[in-house]
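First up is the structure itself, then whatever we jot down about it.
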2 protein chains.
Amino acid sequence: MTKNTPSSNSGGTIYTISDLAQRFDITTRAIRFYESEGLLSPERQGQKRLYSPRDYATLKLIIRGKRLGWSLAQSRELIQLYNPAENNQQQYQKVLEKVRQSRERLQEQMNDIEIMMIELNDQESRIREAMDKQ
Amino acid sequence: MTKNTPSSNSGGTIYTISDLAQRFDITTRAIRFYESEGLLSPERQGQKRLYSPRDYATLKLIIRGKRLGWSLAQSRELIQLYNPAENNQQQYQKVLEKVRQSRERLQEQMNDIEIMMIELNDQESRIREAMDKQ
DNA sequence: GACATAGTTGACGTTTACGTCAACGTAATG
DNA sequence: CATTACGTTGACGTAAACGTCAACTATGTC
């Protein structure tokens, strides 16, 4: 009766570790490693890990970070920006500052991509010209 | 009389290894490593390496690749797209295909950045709201 | 011409991000 | 109830990308 794939109990979808591994095309080893590095902290049912939609979102962020070449340490910092910290103005300011920094890094990557795109376009033109001349 | 910093001889600027290291804020070790991995192939004057503007451009590409999380193997492939290969139509087609793939990867990264940007904007809004309520 | 200033080639060390067993626990199933 | 499937915690291995010596060479400067 109880399925292993995501089920709706206690008000939200729950994922097993192998389920997440399939969905993101990574290994369970990687997921456990992310936890050991402080990027995830799933619930436990006995010794087994149970992942919430929030954990799912966190993993999605990690995967995106990886595609952008972010280290796990950087992704961990990013994740912490989405976690409720102490609610004083000073903490808020710190978080806002880190949000700004993250956006700056993303902007820099955006610029690099644009330049690379332009260079690739130029190169394609040159190749097509060379092809036409044959 | 001969300087160590870039000079104009034989029709182009020439850089020493430490000069490039300074300009790109990397170590000479890294530059030599890139060469050993087949990403650079500078001229030699005796045993000393001399880098051309083309080498400079290649290094710039490598650095951009690094900021985008590309492996050296990927950057090497990219670099080869800018090097004159055999001039037959079949080779051209292969290169064009790789150009297309590179652009696809860049586009994927661009999408990831956009999503992350949106999420950061949302998070900033939430934080500012929480700050106002205090 | 002794010496400081680049530069060179090994060779081994290090960090990050997992992969790969091994040895074991637990739970559903025929 | 033995088996199969899935999960767990170590522990060690590994690939990529350099860092860090060591030992040596070439050069130009006082």
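Chain A is the first sequence line, chain B the second, and so forth, proteins listed ahead of strands; every chain is numbered from 1. The analysis underlying the following values was restricted to heavy atoms, covering all of them including side chains, and did not include hydrogens, waters or symmetry mates.
Relative ring orientation between B:Tyr56 and B:Tyr15 is described as parallel, the plane-to-plane angle staying below 30° on a 0-90° scale split at 30° and 60°.
Put simply, CD1 on B:Ile31 is 11 Å from P on D:dC18, counting in whole angstrom units.
Each of A:Ile17 and B:Lys48 has a nearest nucleotide on DNA chain D; the 5'-most of these lies closest to A:Ile17. Each of A:Phe33 and A:Gln47 was assigned the nucleotide of DNA chain C with the nearest heavy atom; the assignment lying further toward the 5' end belongs to A:Phe33.
At the phosphate of D:dG7, OP1 or OP2 sits under 4.0 Å from a side-chain N or O atom of A:Thr16. Distances shorter than 4.0 Å separate none of the side-chain N or O atoms of B:Ser18 from OP1 or OP2 on C:dA6. Taking 4.0 angstrom as the limit, B:Tyr34 places a side-chain polar atom (N or O) nearer than this to OP1 or OP2 of D:dC18. Residue A:Arg44 has a polar side-chain atom (N or O) positioned under 4.0 Å from OP1 or OP2 of D:dT9.
With hydrogens and angles disregarded, a donor-acceptor distance shorter than 3.5 Å links the side chain of A:Gln109 to the backbone of B:Arg67.
Contacts of B:Tyr82 classified as ring-ring contact (aromatic ring centres under 6.0 Å, His included), with partners at least two apart in sequence or in another chain: none.
Contact check for B:Asp19 versus B:Ile14: no side-chain heavy atoms found under the 4.5 Å cut-off. For the pair B:Leu72 and B:Phe33, the minimum side-chain heavy-atom distance is below 4.5 Å. Contact annotation: the side chain of A:Glu119 approaches that of B:Arg64 to within less than 4.5 Å [non-hydrogen atoms, C-beta and beyond].
Residues from residues 51-75 of chain B lying near DNA chain D, meaning a heavy-atom separation below 4.0 Å, are B:Lys66, B:Ser71, B:Leu72 in numerical order.
Nucleic acid contact for B:Arg49: sugar-phosphate only, since backbone atoms but no base atoms lie under 4.0 Å from a heavy atom of the residue.
A 6.0 Å sphere centred on CG of B:Asp25 holds no more than 12 heavy atoms belonging to other residues, nucleotides or ligands. Other residues, nucleotides and ligands contribute only 12 or fewer heavy atoms inside 6.0 Å of the CD atom of B:Glu43.
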Please write out each protein N/O paired with an N/O of nucleotides 21-24 of chain D under 3.5 Å, distance rounded to 0.1 Å.
none

